[in-house]
Amino acid sequence: MINNNIIRIGVVSDTHLAGFDENLKKILDQHFSDVDLIFHAGDLIDLSVLDLFGDTKVKAVCGNMDRYGVRQELPEQMVMEIRGFQIGLIHGWGSPEGLEKKLAEKMGKLDCIVFGHTHDPVNRMIDGVYFFNPGSATDKRFAKTKSVGILEIGKEITGRIIALE
């Protein structure tokens, strides 16, 4: 469903689930019911997690904690053009210190880089690149709260983090 020429993308990462999870399904139903597309920025653990998104189109990458089957099916990174913007999707790796810089170096010049890995939400512009990390909907080990995100792409890219607890 495209509203006012704006594409709404639900963004989730670091779900760390081995399969169906009723709690995550409720979160997705509540916050992603009107999105046009969903990004999963890695660390699904098992491909069956993608079934939670129903009929909504999903773009997903694998993360450092993903099982072999996930790594065989999903790329480590991808770049998409949406409404004329170049958007990268990647998980991330290593220390969170300087991660945005490492991601920009690896992915090249993009308008937006969506990532995960740190479980800590990021929603900011750095050197002309919009960095967006939804945090983790299921694990707050490294963050103050569990969270997901929404990206809106129209004449510009905007995003918001949705704290879950």
Side-chain angles (χ1 to χ4, degrees), residues 1-3 5-17 21 24-66 70-71 73-93 96 99-100 102-104 106-126 129-139 143 146-154 156-164:
M1 171 171 61
I2 297 176
N3 300 323
N5 259 349
I6 293 176
I7 294 180
R8 290 177 41 85
I9 303 169
V11 186
V12 63
S13 186
D14 296 279
T15 48
H16 294 275
L17 297 170
D21 182 82
L24 181 58
K25 179 70 173 140
K26 287 177 186 173
I27 291 166
L28 298 172
D29 289 347
Q30 179 180 356
H31 297 288
F32 291 178
S33 64
D34 62 346
V35 300
D36 303 296
L37 176 65
I38 294 174
F39 287 168
H40 194 304
D43 278 2
L44 294 80
I45 305 301
D46 191 274
L47 285 170
S48 64
V49 170
L50 297 176
D51 295 338
L52 293 168
F53 303 121
D55 294 334
T56 306
K57 186 175 180 182
V58 178
K59 297 288 188 178
V61 293
C62 64
N64 60 300
M65 299 295 291
D66 281 319
V70 175
R71 292 173 180 270
E73 289 293 321
L74 300 178
E76 290 183 10
Q77 66 184 50
M78 67 174 67
V79 175
M80 301 153 274
E81 182 177 326
I82 301 176
R83 291 280 156 84
F85 292 103
Q86 294 294 315
I87 300 173
L89 180 60
I90 189 168
H91 181 64
W93 66 94
L99 183 57
E100 288 96 339
K102 291 188 290 188
L103 294 171
K106 180 170 179 66
M107 299 205 74
K109 183 65 177 150
L110 300 173
D111 298 299
C112 176
I113 297 177
V114 177
F115 66 104
H117 186 59
T118 65
H119 299 210
D120 197 18
V122 171
N123 185 14
R124 64 178 167 228
M125 185 78 74
I126 302 173
V129 179
Y130 192 78
F131 288 90
F132 192 81
N133 180 338
S136 174
T138 58
D139 186 349
K146 297 175 186 176
S147 57
V148 294
I150 300 284
L151 276 178
E152 292 186 340
I153 303 175
E156 61 184 11
I157 301 171
T158 59
R160 64 185 167 94
I161 302 297
I162 302 167
L164 300 174

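- Of all non-hydrogen atoms in Gly154 and Ile6, the two that sit nearest each other are CA-CG1, 4.3 Å.
- Looking only at distances, a side-chain donor or acceptor of Arg71 sits under 3.5 Å from a matching main-chain atom of Asp66.
- Under the 30°/60° scheme for interplanar angles, the aromatic rings of His119 and His16 are found to be tilted.
- Residues Ile45 and Thr15 fail the side-chain proximity criterion, which asks for heavy atoms closer than 4.5 Å.
- In this structure, the side chains of Ile113 and Phe132 stay at 4.5 Å or more apart for every pair of heavy atoms.
- There is a side-chain donor-acceptor pair under 3.5 Å between His117 and Asn64.
- Taking 4.5 Å as the limit, some side-chain heavy atom of Leu47 sits within range of a side-chain heavy atom of Leu74.
- Leu24 approaches Asp21 most closely through the heavy-atom pair N-OD2, 2.7 Å.
- The shortest side-chain heavy-atom distance between His31 and Ile27 falls under the 4.5 Å cut-off.
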*Yes or no on side chain to side chain contact (heavy atoms under 4.5 Å, CB included) for Trp93 and Lys106, after CA distance, side-chain angles and deciding distance?*
CA-CA 11 Å; Trp93 66 94; Lys106 180 170 179 66; 3.6 Å; yes
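- The two residues Val11 and Pro134 have their closest heavy-atom pair at O-CB, 3.3 Å.
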*Hey, mind stepping through Thr158 and Leu151 against side chain to side chain contact (heavy atoms under 4.5 Å, CB included) and telling me if it holds?*
CA-CA 6 Å; Thr158 59; Leu151 276 178; over 6 Å; no
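- By the neighbour-count criterion of 12 heavy atoms within 6.0 Å, atom CD of Glu76 is sparsely surrounded, having that number or fewer from other residues, nucleotides or ligands.
- Annotation: side chain of Phe32 is in contact with side chain of Val148 (closest heavy-atom distance under 4.5 Å).
- The main-chain N or O of Phe85 is never found under 3.5 Å from a side-chain atom of Asp111 such that the two would form a donor-acceptor pair.
- Leu37 is listed as a side-chain neighbour of Lys59, based on a closest heavy-atom distance under 4.5 Å.
- Residues Ile150 and Ile9 form no side-chain contact, since every pair of their non-hydrogen atoms from C-beta on lies 4.5 Å or further apart.
- In this structure, Ser13 contributes its side chain and His40 its backbone to no donor-acceptor pair below 3.5 Å.
- Between the side chains of Asn133 and Thr118, at least one donor N or O lies within less than 3.5 Å of an accepting N or O.
- The side-chain heavy atoms of Val114 and Ile87, taken from C-beta on, include a pair separated by under 4.5 Å.
- Atom-to-atom distance recorded for Cys62:SG and Gln77:CD is 10.0 Å, nearest 0.5 angstrom.
- Under the 4.0 Å criterion applied to side-chain N and carboxylate O atoms, Lys25 and Asp29 are assigned as salt-bridge partners.
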*side chain to side chain contact (heavy atoms under 4.5 Å, CB included) between Ile126 and Arg124: does it pass, once the steps are laid out?*
CA-CA 6 Å; Ile126 302 173; Arg124 64 178 167 228; 3.5 Å; yes
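- The two residues Ile161 and Ser147 have their closest heavy-atom pair at CG2-CB, 3.8 Å.
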*Determine, step by step, whether His91 and Asp14 satisfy the side chain to side chain contact (heavy atoms under 4.5 Å, CB included) criterion, reporting the C-alpha distance in whole Å, the side-chain angles of both residues, the deciding distance to 0.1 Å, and the verdict.*
CA-CA 9 Å; His91 181 64; Asp14 296 279; 3.1 Å; yes
